[in-house]
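To keep things clear, I will list the structure first and then write my remarks on it.
Proteins come first, then strands; the chains are lettered A, B, ... in the order of their sequence lines, and each starts at number 1. Computation of the quantities below employed the complete heavy-atom set of this structure, encompassing side-chain atoms and omitting hydrogens, waters and symmetry-equivalent molecules.
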There are 2 protein chains.
Amino acid sequence: MEKQVSGKLGGCEVRVRDGFWDTFADLVRETVIPYQWEALNDRIPDAEPSYAIRNFRIAAGLEAGEFGGMVFQDSDVAKWLEAVGYSLAKHPDAELERTADEVIDLVAMAQQEDGYLNTYFTVKAPDERWTNLHEAHELYCAGHMMEAAVAYYEATGKRKLLDVMCRFADYIADVFGTEPGKLRGYDGHQEIELALVKLYGATDEVKYLNLAQYFIDERGAEPNFLVEECKQREGYSIWTDKKMPIPTAPQMAYNQADRPVREQETATGHSVRAVYMYTAMADLARLTGDQGLLDACRRLWANTTTKQMYITGGIGSTHHGEAFTFDYDLPNDTVYAETCASIGLIFFAQRMLKLEAKSEYADVLERALYNNVIGSMSQDGKHYFYVNPLEVWPKASELNPGRRHVKAVRQKWFGCSCCPPNVARLLSSLNDYIYTSSASDNTVHVHLFIGSEASFTLAAGQIAFTQQSSLPWEGRVRFELTEAPREAVTLALRIPAWCHGNAALILNGTPTAYQTEQGYAVVSRVWSPGDTIIWEPELTVQLTASHPAIRANAGKAAIERGPLVYCLEEIDNGALLPALSILPGAEPQSSYDAGLLGGAVVITAEGRADERHSWQQAAADSHPYRPLAQQRPSSPVQLKAVPYYLWGNRQPGEMTVWIRINTEAGE
Amino acid sequence: MEKQVSGKLGGCEVRVRDGFWDTFADLVRETVIPYQWEALNDRIPDAEPSYAIRNFRIAAGLEAGEFGGMVFQDSDVAKWLEAVGYSLAKHPDAELERTADEVIDLVAMAQQEDGYLNTYFTVKAPDERWTNLHEAHELYCAGHMMEAAVAYYEATGKRKLLDVMCRFADYIADVFGTEPGKLRGYDGHQEIELALVKLYGATDEVKYLNLAQYFIDERGAEPNFLVEECKQREGYSIWTDKKMPIPTAPQMAYNQADRPVREQETATGHSVRAVYMYTAMADLARLTGDQGLLDACRRLWANTTTKQMYITGGIGSTHHGEAFTFDYDLPNDTVYAETCASIGLIFFAQRMLKLEAKSEYADVLERALYNNVIGSMSQDGKHYFYVNPLEVWPKASELNPGRRHVKAVRQKWFGCSCCPPNVARLLSSLNDYIYTSSASDNTVHVHLFIGSEASFTLAAGQIAFTQQSSLPWEGRVRFELTEAPREAVTLALRIPAWCHGNAALILNGTPTAYQTEQGYAVVSRVWSPGDTIIWEPELTVQLTASHPAIRANAGKAAIERGPLVYCLEEIDNGALLPALSILPGAEPQSSYDAGLLGGAVVITAEGRADERHSWQQAAADSHPYRPLAQQRPSSPVQLKAVPYYLWGNRQPGEMTVWIRINTEAGE
């Protein structure tokens with residue numbers, strides 16, 4: 001685990017300074033965090049109360065009342081604290097820190113004598129601790145608060161929440177395990193596993209690592225704990241408030257608990273649970289050298305990203321259970337592709353990069369970040385997509401019940417919800433995703449091209465540099481060394497998949513050849529302050545085809561430019577987007593439009609519009625099927641595509657990522 | 001109302017004798033009716049009991065026990081009796097008739113003193129009659145038994161069931177109406193309206209016609225009866241067995257009761273309820289000359305068939321509530337297109353033809369019959385599709401919950417179900433759909449080209465002829481007069497839309513010009529026995545495009561030949577059907593394959609298969625998105641299409657009706 005503590009061997013310190021990304025971080029700091037604070041305190045007009053802070057006050061004995069909100073309501077407070085931690089690390093803010101300290105005092109007061117901390121069970125069902133791990137998110141909430149504790153400690157150096165969560169973790173370690181008298185259980189919603197690894201990283205307490213390992217190892221073992229637990233409750237469900245049929249072990253595939261994790265072949269079940277678990281598995285594989293876990297991680301990574309991932313980095317193609325379905329089943333219109341799932345995929349990618357610096361992990365990380373994740377948030381930071389579709393017909397979203405989950409407009413955020421706080425904590429901690437380093441190898445890998453100041457403590461000594469990036473609009477990145485040891489250090493720059501190997505490296509003004517290792521351009525030398533690298537991955541417009549087994553995309557192409565996926569919107573192209581097709585022979589044109597939603601490169605391409613005049617001329621009640629031979633020629637149109645992440649920010653309308661390919665020759 | 005009674009003015013007698021259609025009628029007679037009888041008596045191994053006959057025995061006091069099955073279980077007995085009636089009309093069968101007579105005795109015994117007949121309420125809730133019309137299908141069951149009574153009476157001349165149902169209808173007329181003290185209600189599931197019109201037709205009792213009119217007139221009036229009724233029950237629902245929120249009047253659009261029927265603009269809500277209601281509306285418009293109803297019928301017909309109908313004649317595009325969604329929303333993969341809805345559409349078309357002989361009604365009737373309806377039944381008569389998709393990917397049906405309702409294989413019929421008995425009664429009564437006549441105008445319209453013997457009692461006298469048809473395989477029909485009056489009679493032969501006006505008429509061996517009226521070739525003359533007409537509507541293969549607003553079909557074509565829609569199946573074309581495209585320039589070829597499922601014309605067409613070799617060669621975990629420029633040329637393939645109605649009869653696999661159009665020039 002790399003510590004975010006400079007000066008310690010293997011440590012690093014990274015600060016983002018980037019025109020493109022600072023906008024998002026500023027939005028989180030200036031809008032999302034304050035707005036969420038209001039939400040947590042039930043002060044958003046016309047919104048359902050969150051009850052989250054109130055629950056802690058009741059559990060702390062400061063207020064009388066009933067528990068309110070979802071069983072996992074505590075996690076909203078945790079995610080807020082975590083985002084605050086990341087934000088304070090970059091932007092000290094005494095008032096915000098004081099507020100957070102007060103929340104932490106409250107959390108500490110809500111902790112029970114024995115270290116237990118969960119307001120639902122403390123307030124509502126004190127005798128039912130650990131009786132419904134399948135449904136009640138008890139360890140899940142603990143995990144989120146551990147992540148908050150680590151983030152807040154690393155940002156501020158304050159240990160209070162960290163100590164609270166260590167006490168809770170110690171208690172959990174007393175309750176769970178394989179030893180006689182302990183509960184051989186695990187959570188229905190994975191999260192604590194990756195959190196315990198973070199707690200280990202912050203404290204060096206091996207027992208937390210071991211506890212994470214226990215949860216991963218025990219999951220899916222026979223007899224199936226979640227099934228047996230359900231039998232103990234006689235099927236009682238917290239969701240329906242009555243007894244339900246006892247599920248079978250295979251049904252626990254939804255929770256990735258139908259079989260041991262090392263035996264899992266494909267991404268299955270609830271997609272957020274899955275990627276949170278894979279993240280912890282990758283952490284453990286790295287920290288313990290467990291080859292079986294590493295193999296499983298590689299297998300599940302490959303299945304997730306090459307068979308079950310949308311071009312936008314979205315995963316989980318059905319809203320029924322927010323789940324994976326099966327290989328190549330990626331419908332664009334009935335899609336789910338939840339924001340949180342892509343965030344979890346980014347966590348998983350980051351951990352795989354720490355395990356082994358292969359550019360394919362960073363390629364996927366970048367894809368999910370620049371498309372699915374930032375596309376989920378509106379320009380005002382207060383409206384979000386939970387579902388991130390690749391094709392939208394607003395009327396169908398409104399009137400066809402099978403598409404009602406696909407919203408044509410970002411929804412107002414009501415506090416009690418997973419995606420917005422998850423976006424907030426990711427965008428506040430982007431500095432953690434740009435680089436990895438290996439102190440012993442004296443190597444720094446650059447995975448993302450995001451403007452930043454970075455310093456690393458390697459075996460050779462301290463190295464520091466700045467990165468300036470013109471991504472995503474231009475393929476030009478500049479590094480300048482600000483500090484360097486006297487020994488050689490390797491800088492490894494990712495050759496993004498989208499440049500297809502065409503990337504020039506200019507070292508101190510001189511075009512320089514480079515070795516390629518695992519998708520990275522490797523430059524090894526003794527650096528001096530003032531040294532510069534210009535890195536120019538070729539950034540061109542590309543028409544992209546998808547694997548033929550992805551039936552939804554047959555005969556269609558997407559437009560990509562660098563890390564960005566593009567889309568057509570009704571506002572630019574008129575209604576009836578499916579009637580449009582693109583001519584693959586003609587070169588699409590890019591131009592920067594400073595007036596478009598903060599500025600963006602837009603793409604125009606030659607296309608065709610199916611003839612519809614003759615249909616419009618016909619009587620309104622004429623038959624909707626007629627001989628193809630009566631169809632008149634299509635007409636030339638100029639297609640205008642905008643970055644997917646910007647869709648739906650102007651006015652509601654149709655949108656599509658995949659465009660029919662027109663094979664008319666000679667045009 | 002045309003009576004199926006020969007010799008009476010306006011009467012007609014039609015017997016089907018047709019190589020294509022007798023197969024289906026035989027299947028119904030020899031397999032479906034006996035199989036359903038076993039089902040009704042709970043004698044199908046491994047199937048849920050139906051309880052339907054047993055419920056009547058309990059209600060009749062012959063057996064003790066609890067009501068079993070659905071609240072509308074009685075209607076299964078009714079539909080069986082109705083199909084038996086039609087079958088006996090063509091094929092006398094003493095044993096079957098004896099069995100039916102016994103069932104009718106049982107039904108009569110289950111009737112209450114006051115005429116009431118419904119085993120659910122009699123056995124289970126005698127004090128709750130008429131308290132839940134919204135959900136309990138009380139009048140719906142009554143309607144089906146009235147239809148059975150009329151069919152059985154007309155087939156056998158036996159009045160017992162007719163008398164039972166007249167007594168029930170008399171009682172219903174005492175309960176419902178606008179007069180003080182009467183219940184101003186109507187059923188949640190329309191059906192009794194059309195049944196009462198049939199009862200009027202069989203008895204000439206105007207009160208039954210008036211009662212039908214009352215139900216239609218009252219529907220959707222304010223205050224909304226179904227809402228008020230629900231308030232009376234305090235929201236209690238028979239389905240959930242608890243109190244539910246009181247619905248609003250607009251929510252009654254599901255039952256077409258949100259507004260008066262004459263104000264309804266588009267087909268909305270549950271599709272079977274809708275078309276059953278439209279059928280009754282058309283009946284009433286014809287019998288009463290009600291212009292407002294006629295306008296509504298034309299409007300709803302136009303909306304249903306030009307905006308919300310699949311090319312197969314399927315209607316109702318979502319399985320959520322088995323309902324219509326909105327104009328041009330006709331997804332092929334998440335489709336519903338229930339068999340019963342197309343049967344109801346056929347009823348509606350038949351009634352519109354009786355109102356006004358316009359070929360568009362018969363075109364739709366034929367489309368639904370030859371595609372959606374007969375496609376729903378397997379070759380053994382024991383397996384059925386309730387959902388009739390236009391695109392199937394079996395793995396998605398299995399593993400994507402949003403498509404689980406779309407079955408890749410016809411389902412075994414378990415008796416307690418709507419579609420199979422509905423198919424049975426339609427296919428046993430096809431003789432009612434071929435012709436209409438106007439006695440006063442001395443005109444007979446031929447709507448369907450189905451081999452038959454027909455005689456009509458017109459003002460001019462009796463006319464009789466035979467029809468021999470080679471449809472659907474060839475466009476050749478031969479009529480021979482067997483009896484004719486001395487006065488002129490007009491024969492009007494439908495010019496099917498699929499021949500695009502190219503139809504030759506050969507009168508007594510001589511090609512003869514004809515007048516066209518409302519889509520019919522009209523020949524008016526004094527006929528003599530032995531006169532022949534050869535009618536040759538041109539039957540060619542056609543590639544069909546759909547209205548551009550039907551987004552699901554953009555860039556695609558379907559193959560049609562005469563009345564038949566064709567499809568591609570995996571067994572003929574390999575897996576991955578979306579990777580195939582059709583060349584519109586090349587002429588598809590037809591050939592009769594005697595070995596294919598009883599014999600059928602198959603169509604071959606030139607196509608292309610997207611290149612997939614390079615994908616298969618790549619590593620299994622290679623990225624699923626790549627530059628379109630890397631795609632190698634597609635390869636020529638011969639597409640093989642079979643009639644849609646035969647799909648899924650060989651082995652499970654992919655199927656598609658709509659095929660991508662390949663616009664590569666010069667090919």
Side-chain angles (χ1 to χ4, degrees), chain A residues 302-303 305-307 309 311 317-321 325-326 328-329 331 333-334 360 393 395-396 399-402 497 500 542-551 554-555 557-558 576 578-579 581 584 610 612 615 620-631 660-666, chain B residues 302-303 305-307 309 311 317-321 325-326 328-329 331 333-334 360 393 395-396 399-402 497 500 542-551 554-555 557-558 576 578-579 581 584 610 612 615 620-631 660-666:
Chain A
N303 180 264
T305 62
T306 72
K307 305 281 199 297
M309 184 181 75
I311 194 171
S317 62
T318 180
H319 71 291
H320 296 272
T325 57
F326 63 100
Y328 300 121
D329 180 42
D333 53 358
T334 58
E360 62 171 293
W393 180 14
K395 205 164 179 186
L399 296 172
N400 185 319
H500 303 293
Q542 174 187 300
L543 295 190
T544 301
S546 71
H547 193 289
I550 304 178
R551 286 157 171 77
L576 219 49
S581 53
D610 293 347
R612 67 184 88 155
W615 289 98
D621 60 352
S622 62
H623 199 59
Y625 307 106
R626 72 176 191 192
L628 179 62
Q630 288 178 18
Q631 189 71 15
R660 281 165 44 212
I661 301 166
N662 193 307
T663 46
E664 289 175 20
Chain B
N303 180 263
T305 62
T306 72
K307 304 281 197 299
M309 184 181 74
I311 193 171
S317 63
T318 179
H319 72 290
H320 296 272
T325 57
F326 64 99
Y328 300 121
D329 180 42
D333 52 359
T334 59
E360 62 170 293
W393 180 13
K395 206 165 177 184
L399 296 172
N400 186 319
H500 302 294
Q542 175 186 300
L543 294 190
T544 301
S546 71
H547 193 289
I550 304 178
R551 285 156 171 78
L576 219 48
S581 53
D610 293 347
R612 66 185 88 155
W615 289 99
D621 61 353
S622 62
H623 199 57
Y625 307 105
R626 72 176 190 193
L628 179 63
Q630 288 179 20
Q631 189 71 15
R660 281 166 44 213
I661 301 166
N662 193 308
T663 46
E664 289 176 22

### Query
For Ala557(A), is it the side chain, the backbone, both, or neither that has a heavy atom closer than 4.5 Å to a heavy atom of chain B?
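The side chain, not the backbone.
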### Task
Between chain B and each of His319(A), Glu360(A), His623(A), count heavy-atom pairs under 4.5 Å; write down the option with the most.
His623(A)
#### Entry: For chain B, the option from Arg551(A), His547(A), Gln630(A) that forms the most heavy-atom pairs under 4.5 Å
Arg551(A)
## Note on the structure
Across all chains, not counting sequence neighbours, the side chain to side chain donor-acceptor pair (under 3.5 Å) partners of Thr306(B) are none
### Query
Under 3.5 Å, is there a donor-acceptor pair between the side chain of Thr663(B) and the main chain of Thr663(A)?
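It does hold such a pair.
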So which of [options] has the largest heavy-atom pair count under 4.5 angstrom toward chain A?
{"options": "Lys307(B), Lys395(B), Met309(B)", "value": "Lys395(B)"}
{"options": "Ala302(B), Pro548(B), Ala396(B)", "value": "Pro548(B)"}
{"options": "Thr325(B), Leu628(B), Ile550(B), Leu399(B)", "value": "Leu628(B)"}
{"options": "Ala579(B), Ala629(B), Ala558(B), Ser622(B)", "value": "Ser622(B)"}
{"options": "Thr334(B), Asp610(B), Leu543(B)", "value": "Leu543(B)"}

Of the non-hydrogen atoms in [X] and [Y], which two are nearest, and what is the gap between them?
{"X": "Pro578(B)", "Y": "Ala554(A)", "result": "O-CB, 3.2 Å"}
{"X": "Trp393(A)", "Y": "Ala549(B)", "result": "CH2-O, 4.3 Å"}
{"X": "Phe326(B)", "Y": "Asn400(A)", "result": "CE2-N, 4.4 Å"}

### Task
Start with the C-alpha gap between Arg626(B) and Thr544(A), add the side-chain angles, then the distance that decides, and say whether side chain to side chain contact (heavy atoms under 4.5 Å, CB included) holds.
CA-CA 5 Å; Arg626(B) 72 176 190 193; Thr544(A) 301; 5.9 Å; no
### Task
For the residue pair Pro624(A) and Ile311(B), establish whether any side-chain heavy-atom pair is separated by less than 4.5 Å.
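A side-chain contact under 4.5 Å is absent here.
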